[in-house]
Amino acid sequence: MLQLNYIRENLDEVKNKLAKKHVKNIADIDEMLKLDDEKKKLKLTVENNQAEANLIAKKIGELMKSGQKEEAETMKLRSNELKDAAKEQEALLKKLEDDIYNILVTFPNLPNEIVPEGKTPEENLNVHEWGEIPSLYEGAVPHWDLIKKYDLIDFELGVKITGAGFPVYKNKGARLQRAMINFFLDEAIKAGYTEIMPPLLVNSDSGFGTGQLPDKEGQMYHATVDDLYLIPTAEVPITNIYRDVILKEEDLPIKNVGYTPCFRREAGAWGAHVRGLNRLHQFDKVEIVQIAHPDQSYQILEEMVKHVQGLLEKLELPYRILRLCGGDMSFSSALTYDFETYSAAQQRWLEVSSTSNFESFQANRMKCRFKPKDGKNQLVHTLNGSALALPRILATMLENNQTPEGIRIPKALQAYTGFDMIS
RNA sequence: GGAGAGAUGGGUGAGAGGCUGAAACCAACGGUUUGCUAAACCGUCAUACGCUGUUAAGGUGUAUCGCGGGUUCGAAUCCCGCUCUCUCCGCCA
């Protein structure tokens, strides 16, 4: 959520930046500011009345004590007058506040200056590429065939137990999952992150804090009996640790990492390209989250990007980094880097990580602030990144490393898997 | 699932219609003392949004004692509803 005062003080800048994100209702800003002017005026009246009422109440107390009953009764009349007037005004004030808020929450975060112009994924800026795209041997196949051939994942079994998009990992497939999770967690711990094992269900306050609610309610599984949501990413519980918290300046940055399964309904998102591991309702992900000082957040974003690069390079997967253009960025993000690995059998790039700086957008919702050495409390910046999401990593790894003899496991993982070949 | 207790500032916890934005203690911060540390002593120490002020210092108003409503001139305190937490019993990995 943007800060109203910031919008007011930087009106042109805000409008330009929203245009970069292709926001349609930019004109609503003027309407909102107009409502806010009205609100301020009304609020002043209400507060002045309240001040008078408070004063009267105090005086009545004194008069009663000193036994001046009649004077007290006269003052009560004035107090009642004020009260009658207040009722209507307060209702109007509340409506104004609601209206302003409802407009305010429709605006996405402002993009950073270096975000490329553009509307579609094609306009994302390729900022880095690493690794060689492997040429596969004759007879190489996509991962959905490999998993069957080597009995690593059983989608049909998942359908039987739960439904489409809930794979059952088996044998070396299951062990590989466990190995990757441990590898990713260990790498993050080495980089100074604290491991967190959060709950997998969250309440609606948490869903709101990180921005899944109210807009993306349909994307989450909702356990209605208890009104809890299955987390779509560890970002939700791990970031919400700091909801309604005032941190000390020296606590920053806070670096947390967590592995969790992630649950996504992906309502309406299923189409032709989503075979195999490309899109699932349940998948595993290791997420890094940082709570940062505003002055440091971009430096930290670079650090997080480097961390993800390190993981992909250790896994020997060719990848590229895209700086997302204004139109392709998420609602809350100020700057996002997407990582894609090249899947040689599908001959396409697959998104495996998204690493973003949300600046104060989430912090404003969550009311997460820090106390500077001097001056007023300030909102923190929040950042997170997948490090990494497993399914597409697995897909690329299986496809790119396939040989006629079997599938080679990257060196960095062998200590975790206990095997170097799937055959 | 059954029964009971409770929700107050960073923490513990007092307060039971006006003297309470809230005692006391702890923590934190600043200072005095000190060879250093400790101790002792003094002081500061909630948040948001307004108004005023040079976008300063400061002053000032309103709101907030889980949330929502009610009673009252006046509510942390009384009444109603909701939510959550804890304890005991039951069930259970």
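Being a predicted model, the structure only gives us computed values, none of them experimental. Chain A is the first sequence line, chain B the second, and so forth, proteins listed ahead of strands; every chain is numbered from 1.
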Sugar-phosphate, base or nothing in reach of [X], heavy atoms under 4.0 Å:
X	value
A:Leu44	sugar-phosphate
A:Arg369	sugar-phosphate
A:Leu77	nothing
A:Asn5	sugar-phosphate

Are any non-hydrogen side-chain atoms of A:Asp328 and A:Leu322 less than 4.5 angstrom apart?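 With C-beta onward as the side chain, the pair stays apart.
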Keeping A:Glu399 on the side-chain end and A:Thr396 on the backbone end, is there a donor-acceptor pair under 3.5 Å?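 No.
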Expected output: side-chain A:Arg392 to main-chain A:Glu351 donor-acceptor under 3.5 Å: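 The answer is yes, because a donor-acceptor pair under 3.5 Å joins these two groups.
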Atom-pair distance ([atom1] on [X]; [atom2] on [N]), nearest Å:
X	N	atom1	atom2	answer
A:Leu4	B:A48	CG	C1'	14 Å
A:Asn377	B:C45	CG	P	15 Å
A:Asn364	B:C49	CG	C1'	13 Å
A:Lys59	B:C19	NZ	P	16 Å
A:Lys376	B:A48	NZ	P	7 Å
A:Arg8	B:C49	CZ	C1'	13 Å
A:Asp226	B:C82	CG	C1'	16 Å
A:Met64	B:U72	CE	C1'	10 Å

Base paired to [N] (Watson-Crick or G-U; both N/O distances under 3.5 angstrom):
N	result
B:A22	none
B:U33	none
B:C49	B:G61
B:C88	B:G2
B:A7	B:U83
B:A76	none

More than 12 heavy atoms of other residues, nucleotides or ligands under 6.0 Å from CE of A:Met197: is that the case?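 12 or below, so no.
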[N] to [M] separation - [atom1] atoms, rounded to the nearest Å:
N	M	atom1	value
B:G90	B:A3	C1'	11 Å
B:A5	B:A48	P	37 Å
B:U52	B:U12	P	40 Å
B:C78	B:C86	P	25 Å
B:C29	B:G15	C1'	28 Å
B:G9	B:G68	C1'	22 Å
B:U37	B:A28	P	15 Å
B:A22	B:G81	C1'	27 Å

For the pair A:Tyr416 and A:Phe183, name the ring-plane relationship: parallel under 30°, tilted 30 to 60°, perpendicular over 60°.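 Plane angle over 60°, so perpendicular.
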How are the rings of A:Phe166 and A:Tyr221 set to each other: parallel, tilted or perpendicular (split at 30° and 60°)?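 Judged by the thresholds at 30° and 60°, the geometry between A:Phe166 and A:Tyr221 is tilted.
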Annotated protein contacts, base or backbone, on nucleotides 62-71 of chain B with a non-hydrogen cut-off under 4.0 Å, one of B, S, - each: BS--------
What is the minimum heavy-atom distance between A:Ser386 and A:Ser354, and which atoms define it?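 Minimum heavy-atom contact is OG-N, 3.0 Å.
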Stepwise, does the salt bridge (Lys or Arg N to Asp or Glu O under 4.0 Å) test hold for A:Glu52 with A:Arg78? CA-CA 10 Å; A:Glu52 189 184 342; A:Arg78 171 66 183 148; 2.8 Å; yes
Let me know, please, whether A:Lys39 or A:Ala53 comes out on the 5' side of the other along RNA chain B by nearest nucleotide.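 In this pair, the answer is A:Lys39.
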Quick check on RNA chain B: between A:Ile246 and A:Lys83, whose nearest nucleotide comes earlier from the 5' end?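 Looking at the nearest nucleotide for each, A:Ile246 comes out on the 5' side.
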State whether A:Lys371 places a side-chain N or O below 4.0 Å from either non-bridging phosphate oxygen (OP1 or OP2) of B:U47.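 Yes, such a contact exists.
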Cut-off 3.5 Å, side chains only: do A:Thr106 and A:Asn25 have a donor facing an acceptor?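 Yes, side-chain donor-acceptor contact under 3.5 Å.
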